[in-house]
Amino acid sequence: MSHAIADSMTMIGRSIRLGRRNAETLIMSIVLPLMMMALFVYVFGGAIDTGTAYINYVVPGIILLCTGFGAASTAMAVADDMNSGMIDRLRSMPIRSFAVLTGHVTASIARNTMSTTIVVGAAFAMGFRPSASLVEWLAAAGLLLLYVLALSWLAAGLGAMAKSVEAASSMSFFMLFLPYLSSAFVPTDTMPSFLQGISEHQPITPVIETVRGLLTGTPIGDKGGIALAWSVGLLVASFAIATALYRRRITD
Amino acid sequence: MIVEASGLRKAYGSTAVLDGIDLEVAEGSVFALLGPNGAGKTTTIRILSTLTKPDAGNLRVAGFDVVREAAKVRGVISLTGQYAAVDGEQTGRENLVMVGRLMHLGRAKARDRAGELLERFDLVDAADRRVKTYSGGMRRRLDLAMSLVAAPEVIFLDEPTTGLDPASRNTMWDAIRDLVRTGTTIFLTTQYLEEADRLADRIMVLDKGKVVAHGTADALKAKVGGDRLDLRFTSAAALGVAATRLGGFTDRERLVLSVPSDGTATHLHSVLDDLRTANAVPAQVSSHRPTLDDVFLALTSREGVPA
Ligand SMILES: Nc1ncnc2c1ncn2[C@@H]1O[C@H](COP(=O)(O)OP(=O)(O)OP(=O)(O)O)[C@@H](O)[C@H]1O
Ligand SMILES: [Mg+2]
């Protein structure tokens, strides 16, 4: 057991190092979030009526958009290991090779925490004025953490299944796309009714509504419970899927 | 026997990739699995190193059953696969320390061991550079070094020198010989006949999943015949005279007569004496041992283009 923890720590250190040194990953987790933020606030924001300063509306959406980028990086990093000799080396050693996934997922959480901090910091500079108390901040952070953890395991599962890094990247496409079909950037009541249907029945909308409510005081209603249920459900399912896909991948 | 396999079979779909392999490797020896592309070398190594499940066969490494006691087998082996398993974005030292940590050496010991191996594999100058800047030979050396962190009893090397230039290949061979000196058992695969000849105590030739020959390099060579003398003449007339007296095979274009030999000086003397008497003295004489190439072609000859 203590060995399992030590092995995971080693693999976490490795994944963080690899992520920090991979230019693409760095761009995806620092530059892209900032660009998206500027794009939405300065270019599209003026044309969208949300009943409040657009920056106050859009911050949770940008954060969730970034979790998509982060997940794509994670899927690609896992796929890289599964399709290079590295997984064979790890599997031929007397360790639980599953630690390679744990390493990437934890690094993914660390990267997302960094991106989110950068986004929130930049948002403040652009005029973001949340009304949240400390407890509300913590609740928002907790929900985001849970959601990111779930998404990271899902990404790890996709990476374990992918036969190449490119395949992993295209499989993660829907994670990048989903935020656009939610209330992230425009209120859903402006959407055609079939899009409203999609928007209401995917996890991102309740998570965003809840985070937005916690930070800026918009009504949350039953969205908090739904967001929590989605995140926990997704986490359990993603972890099970990742474990199963990894097992299947390493047996031939 | 530190590695034993009997009746090893593996099929992917309906194609038998390994079709009943039996092999034994003595402790401290070098065993080479030789074969063309697709022969089943990598599959054999993957099965013996617990990565792939065999369909049938009794397999033991260091006394442990490869299938049922996989975890124990992993404790005594290490694998250097066909494609280098190194992190390009980590430095050579970081790669080695990572393996040391995974082998639970502890922080200080892992660093010490990394330092030792960097020195031994001539990577000290590049130790703190990212591996993506390494040459192919350096990567391959680091890859092998990573397999040695825990001082394994049996090392599986899948084509350790494929793609290396002659100098890097020599360095790799020296590293392998050093390992043998410390008592490590080496199980390697190669497509290079010379490599098997130079390194291995025992060679097994594999083709399309079947063993076509096994034994020492010398025993394999004996299978395709003994030594040969090549006698080169300066005139077609002399070549003709020599051919009538000695028989053998005539190459009229190069004016060379090849005759079978037992490789002794006595035989050489008698041939030259004979030719002097006949007034057909050759300008050049060379003696040839059959190479493993001859063995290989003779044993794995196939219709069409060789793979
Ligand atoms: N996972 C797999 N699924 C299907 N076929 C496979 C698989 N792995 C190997 N094979 C097939 O098994 C045969 C033997 O492959 P193997 O990799 O063991 O050959 P090899 O001797 O190592 O060849 P090379 O010199 O090219 O490395 C090949 O025909 C290959 O296509
Ligand atoms: Mg191979």
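Each chain gets a letter, A, B and so on, in the order the sequences are listed, and its residues count up from 1. Every value quoted in this text rests on a predicted model; they were computed, and no experiment measured them.
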Hey, is [atom1] on [X] packed in by over 12 heavy atoms from elsewhere, all under 6.0 Å?
{"X": "A/M114", "atom1": "CE", "value": "yes"}
{"X": "A/R247", "atom1": "CZ", "value": "no"}
{"X": "B/E116", "atom1": "CD", "value": "yes"}
{"X": "B/Y192", "atom1": "OH", "value": "yes"}
{"X": "B/R111", "atom1": "CZ", "value": "no"}

Part of [X] lying under 4.5 Å from any heavy atom of chain B:
{"X": "A/S92", "result": "both"}
{"X": "A/I87", "result": "neither"}
{"X": "A/M11", "result": "side chain"}

* For the residue pair A/R89 and B/S147, confirm or rule out a side-chain donor-acceptor distance under 3.5 Å. =>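 Note: A/R89 and B/S147 side chains meet the donor-acceptor criterion.
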* Name the member of B/Q82, B/R130, B/M103 that forms the most heavy-atom pairs with chain A at distances under 4.5 Å. =>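 With the most close heavy-atom pairs to chain A, the winner is B/R130.
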* Asked: Taking every heavy-atom pair that is under 4.5 Å apart, which of B/L102, B/V73, B/L79 has the most such pairs with chain A?
  ->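 The option with the most such pairs is B/L102.
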* For the pair A/R21 and B/E94, find out whether any cationic side-chain nitrogen is under 4.0 Å from an anionic carboxylate oxygen. =>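 Counted as a salt bridge, because a side-chain N and a carboxylate O are separated by less than 4.0 Å.
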* If you measure from the Lys or Arg side-chain nitrogens to the Asp or Glu carboxylate oxygens, is any gap between A/D7 and B/R101 under 4.0 Å? ->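 No, this pair does not count.
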* Separation between CD1 of A/I250 and OG1 of B/T52, rounded to the nearest 0.5 Å ->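 Reported to 0.5 Å precision, the distance equals 10.5 Å.
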* Asked: How many angstroms lie between CG in A/D81 and CG in B/D87, if you round to the nearest 0.5 Å?
  ->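 The distance works out to 6.5 Å.
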* Identify the heavy atoms of B/Q90 and A/L18 that sit nearest to each other, and give their distance. =>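 Residues B/Q90 and A/L18, closest heavy atoms: CG-CD2, 3.7 Å.
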* Asked: Are the side chain of A/R14 and the backbone of B/M98 linked by a donor-acceptor contact shorter than 3.5 Å?
  ->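 Such a contact is absent between A/R14 side chain and B/M98 backbone.
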* Asked: Does any heavy atom of chain A fall under 4.5 Å from the side chain of B/V99, the backbone, both, or neither of them?
  ->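 The answer is both parts of B/V99.
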* B/T50 and A/R91: side chain to side chain contact (heavy atoms under 4.5 Å, CB included), yes or no, with the steps? -> CA-CA 8 Å; B/T50 77; A/R91 285 185 54 217; over 6 Å; no
* Do the side chains of B/R74 and A/I95 get nearer than 4.5 Å, heavy atoms only? ->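 Side chain of A/I95 against side chain of B/R74, heavy atoms only: no contact under 4.5 Å found.
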